**Q** 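The structure follows.
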Amino acid sequence: MSAPNIETIVSLSKRRGFVYPASEIYGGLGSSWDYGPLGVELANNIKKSWWRWIVYERDDIEGLDSSIIQNRLVWKYSGHEQTFHDPLVDCRDCKTRLREDKLDRDANGKPVCSNCGSTNLTESRPFNLMFRTTVGAASSDEDESALAYLRPETAQGIFINFANVLNTSRRKLPFGIAQIGKAFRNEVTPGNFIFRTREFEQMEMEYFCRAEDAPRLHQEWIDGFQGWLESLGLSAANLSLYEQTKEELAHYAERTVDIMYRYFPEREDESKQWDELMGIANRTDYDLRVHSKKPEDAEGKRINPDSTEDLSYFDTATNERFYPYVIEPAIGVNRTLLAVMMDAYTEKTNEKGETRVILKLTPEMAPIKVAVLPLAKNKPEIVEMAKKIKKDLQRSMRTVYDDTGGIGKLYARQDEIGTPFCVTVDHESLEDNAVTVRDRDTWEQERVGTDSLREYLQKRLS
Ligand code: GAP
């Protein structure tokens with residue numbers, strides 16, 4: 001089982017402290033969300049898993065953390081100033097602002113307003129998605145020389161640092177550079193909770209290689225990412241691949257495959273249940289070329305007269321100099337978090353006929369690994385023992401202590417937030433130095449001695 005719809009996750013998130021509407025006490029701000037105590041842990045677990053898999057478990061990838069605000073020229077030469085647009089239309093009848101390329105068409109191929117069904121729409125016009133800002137104390141909003149953008153993708157920070165990383169890490173092709181960080185897009189139609197927002201976080205990796213190796217490596221990353229996503233707990237049945245058509249490809253891409261997740265299982269039409277979780281693109285040598293000072297156009301003019309660096313690669317084995325191709329797997333932290341929560345969501349009925357929510361997160365994803373619960377909070381010896389166990393476990397795994405309710409309520413709360421194990425300290429524990437360990441998924445309980453508790457939990461969590 002997984003969540004029947006996104007709304008179920010919105011309400012669980014608010015109720016238990018995963019994600020809250022941003023600026024809520026001032027009426028909110030469309031499509032902005034804040035990550036609460038559990039949400040920040042889950043997001044960190046996703047990022048740690050990605051970084052470990054991409055950077056630590058391989059020998060050919062380096063990390064990077066580049067600036068959100070860069071020289072405006074980065075976005076001129078990347079093509080974003082010219083082409084990072086969405087086609088915007090307004091409905092003349094209900095005044096809704098819409099993204100034309102996302103609208104259904106009527107029998108004559110005319111776009112239909114998704115709000116009121118009218119086809120009385122304005123002409124489509126391009127709307128640049130980059131957030132503008134000004135840099136420097138004396139600048140005014142109109143001062144073009146002070147204009148800067150919040151980055152709309154983390155990728156460009158990697159391309160402009162290609163020579164820096166290459167030279168300092170002494171890498172040879174193929175190798176990659178990985179980065180996690182915030183990106184900003186002034187989306188025309190944000191929505192569906194944290195699926196499409198104006199501020200979000202990306203995990204991107206640019207894998208530099210020779211042109212002839214690019215198609216094979218592209219396929220390897222597509223396969224690899226499906227495996228990694230499944231390791232986060234996503235079921236294969238809720239993942240699918242989508243090959244972008246020639247018309248859909250970004251200006252820099254030769255081939256892009258999206259990994260789709262079933263975010264909308266409630267929709268009758270199966271084809272409308274899916275949306276993009278991530279994209280894996282073969283960006284060719286486009287990016288390194290456009291940021292380099294050397295390449296020339298057909299008339300012999302430098303295509304980039306502003307760059308001070310040539311981002312080509314010299315292969316000492318073949319004595320060749322060329323611009324490497326790039327394979328780019330790009331995934332959003334927020335969309336991953338939504339998919340992980342949806343897939344983990346289950347309901348179970350207890351012997352009293354009450355339905356309980358269980359978030360079956362993998363131990364790696366679970367925000368809290370163990371909850372230590374005293375059976376009687378008015379008995380100081382039990383409380384003391386429970387707090388001591390919490391302190392001891394905390395050194396090796398995220399552990400919480402909770403005595404704010406009866407044991408049934410405490411179990412239910414931990415099930416709902418995905419805590420794999422609850423450890424209960426009872427009257428007997430004071431005599432036999434043992435505790436009850438309860439499994440989130442089976443509700444089975446086992447008696448374990450406090451001396452071996454840490455090793456027991458570590459083994460079951462790994
Ligand atoms: N550098 C390539 C790139 O940025 P993209 O497909 O535009 O490609 C990559 O973005 C991923 O970032 C998406 O697959 C999605 O997971 C996430 N993403 C993009 N726009 C987003 C938004 N407005 N809100 C949340 N996540 C977003």
Side-chain angles (χ1 to χ4, degrees), residues 6 19 22 30-33 35 39 43 46-47 50 64 66 68 70 74-75 78-80 83-86 99 101-102 127-131 149-160 176-207 218 221-222 225-226 228-229 232 234 239-244 248-261 263 274-284 286-288 290-291 326-340 342:
I6 289 180
V19 184
S31 103
S32 286
W33 300 89
Y35 289 73
I46 290 168
K47 289 185 271 186
W50 185 87
L64 179 77
S66 67
I68 286 174
Q70 301 275 359
V74 171
W75 310 106
S78 67
H80 283 81
T83 62
F84 200 56
H85 300 303
D86 273 347
R99 230 179 101 172
D101 58 330
K102 293 279 174 192
F127 173 73
N128 194 288
L129 300 185
M130 284 196 291
F131 274 99
Y149 301 104
L150 303 187
R151 67 180 173 201
E153 61 171 15
T154 60
Q156 297 302 322
I158 297 180
F159 299 128
I160 59 173
I177 304 176
Q179 169 158 235
I180 299 177
K182 289 261 174 138
F184 304 82
R185 296 181 191 176
N186 203 359
E187 298 279 2
V188 177
T189 48
N192 289 315
F193 189 36
I194 54 175
F195 179 81
R196 181 171 285 108
T197 49
R198 296 194 171 103
E199 172 181 344
F200 55 99
E201 204 165 12
Q202 289 186 314
M203 303 183 281
E204 295 199 290
M205 195 273 294
E206 309 299 330
Y207 197 70
H218 191 192
W221 282 109
I222 295 166
F225 260 91
Q226 289 176 88
W228 179 71
L229 290 167
L232 303 187
L234 304 190
L239 293 168
S240 65
L241 296 182
Y242 176 75
E243 182 91 34
Q244 287 193 10
E248 290 168 323
L249 284 177
H251 59 278
Y252 50 72
E254 185 172 291
R255 180 187 176 216
T256 299
V257 173
D258 292 336
I259 301 188
M260 313 286 278
Y261 183 75
Y263 286 106
W274 306 88
D275 214 326
E276 177 190 326
L277 166 57
M278 70 174 298
I280 305 168
N282 176 351
R283 291 180 76 125
T284 70
Y286 178 87
D287 302 278
L288 292 182
V290 295
H291 286 304
V326 177
I327 304 302
E328 176 195 69
I331 183 164
V333 174
N334 321 77
R335 280 191 197 178
T336 309
L337 186 143
L338 178 57
V340 164
M342 288 186 78

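If you're wondering where the values come from, they're calculated on a predicted model, not measured in any experiment. Position 1 is the first residue of the sequence; numbering continues from there. Remember, it's 1-based here, ligands and their atoms both numbered in the order they're listed.
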**Q** In terms of atom number and element, which parts of ligand 1 are under 4.0 angstrom from non-hydrogen atoms of A155?
**A**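 What qualifies from ligand 1 is 1 (N).
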**Q** Using heavy-atom distances, let me know which of Q202, R185, E153 sits nearest atom 7 (O) of ligand 1.
**A**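 Going through Q202, R185, E153 one by one, R185 has the nearest heavy atom to atom 7 (O) of ligand 1.
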**Q** Select one of side chain, backbone, both or neither to describe which atoms of R196 lie under 4.0 Å from any atom of ligand 1, heavy atoms only.
**A**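 The part of R196 near ligand 1 is both the backbone and the side chain.
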**Q** How does L277 reach ligand 1, by side chain, by backbone, by both or by neither, if only non-hydrogen atoms under 4.0 Å count?
**A**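 The backbone, only.
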**Q** Taking only heavy atoms of E276 into account, list the atoms of ligand 1 that are under 4.0 Å away from them.
**A**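 So the atoms of ligand 1 that pass are 6 (O), 13 (C), 14 (O).
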**Q** With atoms numbered from 1 as shown, which atoms in ligand 1 lie under 4.0 angstrom from a non-hydrogen atom of E204?
**A**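 Answer, ordered by atom number: 1 (N), 2 (C), 3 (C), 4 (O).
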**Q** Show the atoms of ligand 1 that are less than 4.0 angstrom away from any heavy atom in E328.
**A**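 Near E328, meaning under 4.0 Å from one of its heavy atoms, ligand 1 has 1 (N), 2 (C).
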**Q** So do Q156 and Q70 actually touch side chain to side chain, heavy atoms under 4.5 Å?
**A**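 Contact flag for Q70/Q156 side chains = no.
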**Q** Among all protein heavy atoms in this structure, tell me which lies nearest to atom 25 (C) of ligand 1, with the distance rounded to 0.1 Å.
**A**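 Going atom by atom, the protein heavy atom closest to atom 25 (C) of ligand 1 ends up being F195 O, 3.1 Å.
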**Q** Show me which atoms of ligand 1 lie under 4.0 Å from any heavy atom of M278.
**A**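 Heavy-atom distances to M278 below 4.0 Å select 14 (O).
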**Q** Using only atom types and a distance under 3.5 Å, with no angle test, would you say the side chain of N128 pairs donor to acceptor with the backbone of N186?
**A**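 No; zero donor-acceptor contacts below 3.5 Å.
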**Q** Counting from 1, what ligand 1 atoms have a heavy atom of R283 closer than 4.0 Å?
**A**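 So the answer, numbered in order with elements, is 1 (N), 2 (C).
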**Q** Give me the nearest non-hydrogen protein atom to atom 24 (N) of ligand 1 as residue plus atom name, then the distance to 0.1 Å.
**A**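 Among all protein heavy atoms, the one nearest atom 24 (N) of ligand 1 is T197 N, 3.0 Å.
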**Q** Determine whether any heavy atom of N334 lies closer than 4.0 Å to an atom of ligand 1.
**A**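 No, that is not the case, since the closest heavy atom of the residue is not under 4.0 Å from the ligand.
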**Q** Any side-chain heavy atom of F184 within less than 4.5 Å of one from I68?
**A**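 Yes, close enough: below the 4.5 Å cut-off.
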**Q** Does a side-chain N-to-carboxylate-O contact under 4.0 Å join R283 and E153?
**A**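 Yes, this pair counts.
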**Q** To the nearest 0.1 Å, how far is atom 15 (C) of ligand 1 from its closest protein heavy atom, and which atom is that?
**A**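 Heavy-atom neighbour on the protein nearest atom 15 (C) of ligand 1: R335 NH1, 3.6 Å.
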**Q** Within the distance-only criterion (no hydrogens, no angle test), does the side chain of R198 pair as donor or acceptor with the backbone N or O of P190 below 3.5 angstrom?
**A**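 Absent.
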**Q** Answer with yes or no whether the side chains of S66 and Q179 bring together a donor and an acceptor at under 3.5 Å.
**A**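 The answer is yes; a qualifying pair exists.
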**Q** When you measure from the side chain of R255 to the backbone N and O of Q244, does any donor-acceptor pair fall under 3.5 Å?
**A**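 Checked: no pair found.
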**Q** In terms of relative ring orientation, are F225 and W221 parallel, tilted or perpendicular, with 30° and 60° separating the classes?
**A**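 Tilted.
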**Q** Verify whether one side chain among Y252 and E328 offers a donor that lies under 3.5 Å from an acceptor in the other.
**A**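 No pair is found: no donor N or O on one side chain lies under 3.5 Å from an acceptor on the other.
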**Q** Considering only heavy atoms, which of F200, F159, Y261 lies nearest to atom 22 (C) of ligand 1?
**A**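 Of the listed residues, F200 has the closest heavy atom.
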**Q** Under a 4.0 angstrom heavy-atom cut-off, which atoms of ligand 1 come close to G332?
**A**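 Reading through ligand 1 atom by atom, the close ones are 11 (C), 12 (O), 15 (C), 16 (O), 17 (C).
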**Q** Mark yes or no for whether Y263, through its side chain, and R335, through its backbone, hold a donor-acceptor pair below 3.5 Å.
**A**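 Answer holds: yes.
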